[in-house]
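Below is one structure, written out as structure tokens, with a few remarks after it.
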Amino acid sequence: MSRLAPLSEEPINEDEEYSTNCSKKKGYSWKNWLKTHFYLVFNKKSDLKVLLSVLGCPLFPVSIHSKLPINEVSSSAQYIIQHFSAATGCRKLQGEVKNLFATGKVTMAMVDELGGSPMAGATTVAEKGCFVMWQMAPNKWLIELVVDGHKVVAGSDGNVAWRHTPWLASHAAKGGVRPLRRALQGLDPMAISAVFSPAQYMGEKRVSGTDCFVLKLSADQADLAARSDSTAEMIKHIIFGYFSQRSGLLVHLEDSYLTRIQSPGTYPTYWETTMATKIEDYRIVEGVMIAHGGQSSVMITRFGDSLKSGLSITRMEETWTIDDLAFNVPGLSMDCFIPPEEMQKDYPEENLDWRSPLHR
């Protein structure tokens, strides 16, 4: 069997006939995706699939690093993270939390825009759904999200992250294992503290009426190269965390990534995707402050010499709430994070040993 095509972090070709073929052949290519981008972005029947591809299970830009000595990072950043840890109460759970379980609801909608102004006749249709998420340290997670009868499953066994959709089956994410962005939207204070520990302090900014400290994280060049291929180059992927000066809590996340796409004999096209998330409704769960709601908005901007119509913009929105969350759920084992069977068959054991980390 051929190697699975890698998972794209951009909207992808999800045409039903094409998806059937890609599961049997080598997988979709960026060239084929470019040929069908108008179908994806401007065909209302595809809106839900595009929403799920972009908003459903996005990954964080960087992996969770081990804590660095304080002299290797900004003292201001360390102060902010210590303030956050104290505000959430997650310090007392460090080393004691083995897993996490959460359920929630989402409402997604997409508004098409062109040249920065709404398209004639464009409408916003809200789609409602729910999700279940499990996490286990280190770097193991699984999420099942269902919206309007469409189910998306994504997970990580600690070695590779993957996603499964009804229209494209299972695909692996390129690059190193990164945490699920949805888990870092206030659900997992321990992971937030760890991932932002090497962040760069960027100063202060007022966001939604709240005075915040700003921390910045960037994917390094090695990771960007690992997530690129011959026709798609990941140029940057950065994220900003906004921590309230008053409460110490994470109240806003904003990340963006820029991709340069060019097939042989064509002009390059650039896709810039920006996702901003407001994090709110913190409540105490087992002695820890957990965010129970928020809103996300995504702006996809497409530009380049090959676009005769000029700048193209697509906007998506999501509202989410958390219904239930618990730590250290009995019975959750590493077997729950085993990747789909087809992925285990397609990845040679000499390149990626699926069994050893799952049976230690």
Can any side-chain N or O of [X] pair as donor or acceptor with the backbone N or O of [Y] at less than 3.5 Å?
X	Y	value
Q78	S197	yes
N99	V329	yes
T266	Q262	no
K105	D323	no
H237	M234	no
S63	V177	yes
R302	T314	no
S247	S244	no
D335	I338	no
R163	S53	yes

Cation-pi between R182 and F131: NZ/CZ under 6.0 Å from ring centre and within 45° of the ring axis? yes
Same hydrophobic cluster for I313 and Y270, using side-chain heavy-atom links shorter than 4.5 Å among ILVMFWY? yes
Electrostatic pair [X]:[Y] at N-O distance under 4.0 angstrom:
X	Y	answer
D211	R246	no
R181	D255	yes
E254	K278	no

Restricting to salt bridge (charged side-chain N to carboxylate O under 4.0 Å, His left out), what partner residues turn up for D324, sequence neighbours left out? none
Parallel, tilted or perpendicular, as decided by the 30° and 60° cut-offs, for the rings of W167 and H150: tilted
N159 CG to D157 CG distance, which is reported to the nearest 0.5 Å: 5.0 Å
Please identify each residue that fulfils ring pair (Phe, Tyr, Trp, His ring centres under 6.0 Å) with H252, with sequence neighbours left out. Y242
Verify side-chain contact (heavy atoms from CB on, under 4.5 Å) between I81 and L215, making sure each step is shown before the conclusion. CA-CA 10 Å; I81 293 303; L215 297 183; 3.8 Å; yes
What do you reckon, are the aromatic ring centroids of F243 and F213 less than 6.0 Å apart? no
